[in-house]
Amino acid sequence: MLNKFKSFVKANKRTFIVLVLAVISLFCFNVTKNGIGSEIFGWLRLWKYASLLVILTTFYLLFLKGKRVILANLTLIALLLFLVETILFFVLGMPSAFKKDFSIPDFPENHMIRQVGAMYYPDSIYHEVKLGENNDTVFDVHYSIDHMNKRITPGFDSSKTNYALFFGCSIGFGYGLEDDQTLPYHLQEQSPNTNSYNFCISATGTNHMLAELQYRDLSKQVAEKDGCGYYIFFWDHIYRAIGTMHRYTEWLHLGPYYEMKDKKLVRNKLFKDGRSFISSCYERLYQTNIVKYFKADLPLKLNETHFDLVSEMVLESKKAYEKQFGNDQFYLVFYPNYVVYTPEEMRIFKSVLTKKKIKFIDLSKVIVYQGKYTLGGDSHPNAETNKLIAKILLQRTKKQRFN
């Protein structure tokens, strides 16, 4: 066997020399890449592509000459795929790639970061400024955070007897708005006997809400004995809760990971370590030129299993709320926003919610969401929009409670 291999190498000496040189070239590329900063420049990526194309081509030729048909065909498929990747690299203008750290911070297992995945620093004030295309100021605001990590809603009155809890993402949090311009604030202003509590966290999804409710008893922060909970739902929460490739690689690798096992919702660490194989595939694919050119995301399409998974998270959040606060006044609120779903997707999701007896208030069509309802240079809702939505939300809540 060894003699046969030696004779094959001798007969294809030039091809093997080219293969060895290409492997050395690829090794040198990796050494160079590891020795620079976070940006992998276009010329450096071209070096890698050239080395890999040569390696795949020589393997293909060697398998053909060795009459290894199956291996030759598999190598040809890989070669053609990589050729498309290289062509698109030039089509995109030889863009740089960037190294990104997807590691998990070294915190104890019961630490808030490992349990909830995202949280604001307690007793802090965040100052955020956003500039537009012409360096015009879109907003210049401050976010006040209390000692229990939630955003402060000004105007708290200890004599009030009702509460309104808010869960969700930047829409409920009030991204780009001052403390007295958020949805929780406007609802509190329009409901004289209610104090609002803003548990929303920007850039999060359904999984974060559930993790937050499971992490600690929120009722210990609420003095009032009667009220309701609102989950301000935005369609992208579904994609965040299932951890799609785009969202995972952009900002959610530390998001809480939930999955269905034996028809039961189970918490399995974070996206990074709870589904390590899928997450590692995403980390390798998201900067490929094929993905960038076709603006692809994985999974390619939502299906009923995703709707079931997300609705189970809402259901478990509802159960946690009921256990902590002693009533069933928990509502998923469809906040009006840009339509990024099909009518069939919305129909299926609503039917799943109804099947699981999850109360929802559909405000998605109370306005046609467009520029005048936004911050202008940013797509988030402005203060006047929140004021309008708070009024309608109170009306719809009252209607649901007494019907």
Side-chain angles (χ1 to χ4, degrees), residues 119-120 122-126 141-175 177-202 208-209 212-213 215-233 314 317-335 358-361 363 366 381-403:
M119 194 60 74
Y120 300 103
D123 295 316
S124 59
I125 296 178
Y126 291 79
V141 296
H142 297 80
Y143 312 134
S144 304
I145 309 300
D146 69 10
H147 66 288
M148 295 300 288
N149 314 90
K150 66 181 178 295
R151 186 168 190 182
I152 292 173
T153 302
F156 177 85
D157 185 346
S158 60
S159 67
K160 294 180 179 181
T161 59
N162 291 346
Y163 62 79
L165 314 183
F166 287 83
F167 302 94
C169 65
S170 53
I171 293 174
F173 175 80
Y175 175 79
L177 299 171
E178 296 290 353
D179 296 337
D180 60 355
Q181 296 178 317
T182 67
L183 177 61
Y185 175 80
H186 281 295
L187 186 137
Q188 177 179 276
E189 285 294 289
Q190 297 177 38
S191 182
N193 202 33
T194 300
N195 283 318
S196 287
Y197 296 81
N198 192 342
F199 293 101
C200 300
I201 308 170
S202 291
H208 292 86
M209 171 178 65
E212 188 175 7
L213 280 160
Y215 179 69
R216 58 186 174 188
D217 185 350
L218 301 183
S219 67
K220 294 180 180 178
Q221 303 180 43
V222 180
E224 302 76 29
K225 299 302 179 184
D226 190 26
C228 59
Y230 295 113
Y231 168 37
I232 308 303
F233 176 80
V314 179
S317 298
K318 174 179 178 288
K319 290 178 180 178
Y321 166 84
E322 291 174 352
K323 183 178 179 181
Q324 293 178 22
F325 292 91
N327 66 65
D328 64 351
Q329 300 305 309
F330 181 88
Y331 303 93
L332 180 148
V333 180
F334 287 95
Y335 194 95
I358 298 170
K359 299 175 184 178
F360 61 85
I361 298 174
L363 304 183
V366 297
N382 58 35
E384 286 302 310
T385 302
N386 282 332
K387 186 176 181 179
L388 171 63
I389 297 303
K391 179 181 178 180
I392 301 172
L393 180 56
L394 284 170
Q395 293 171 349
R396 296 286 182 88
T397 304
K398 185 177 180 180
K399 185 177 179 180
Q400 278 222 21
R401 293 190 72 170
F402 295 102
N403 275 356

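- Annotation: side chain of Met209 is in contact with side chain of Leu213 (closest heavy-atom distance under 4.5 Å).
- Proximity of a side-chain donor or acceptor of Gln188 to a complementary backbone N or O of Pro154 within less than 3.5 Å is detected.
- Looking only at side-chain heavy atoms (C-beta outward), Gln324 and Leu165 stay at 4.5 Å or farther from each other.
- Counting heavy-atom neighbours within 6.0 Å of Ile392 CD1, excluding the residue itself, gives a total above 12.
- Take Asn193 and apply the side chain to side chain donor-acceptor pair (under 3.5 Å) test, not counting sequence neighbours, and it matches Thr161.
- Results of the ring pair (Phe, Tyr, Trp, His ring centres under 6.0 Å) test with Phe166 over Tyr230, Tyr335, Phe330 single out Tyr230 as the only residue that passes.
- Centroid-to-centroid, the aromatic rings of Phe167 and Tyr321 stay 6.0 Å apart or farther.
- Lys319 pairs by the side-chain contact (heavy atoms from CB on, under 4.5 Å) definition with Leu315, Glu316, not counting sequence neighbours.
- Between Tyr175 and Tyr143, the ring planes are tilted. Angles from 30° to 60° get that label.
- Counting only heavy atoms from C-beta outward, the side chains of Phe199 and Gln221 approach each other to under 4.5 Å.
- With Val333 as the fixed residue, the side chain to side chain contact (heavy atoms under 4.5 Å, CB included) test singles out one of Ile171, Thr397, Leu393: Leu393.
- Taking the six-membered ring for Trp and the full ring otherwise, Phe173 and Tyr120 have centroids separated by under 6.0 Å.
- With sequence neighbours excluded, the residues satisfying side chain to side chain donor-acceptor pair (under 3.5 Å) with Tyr197 are Glu224.
- A donor-acceptor pair is defined here as one N or O able to donate and one able to accept, closer than 3.5 Å; no such pair exists between the side chain of Arg151 and the backbone of Thr182.
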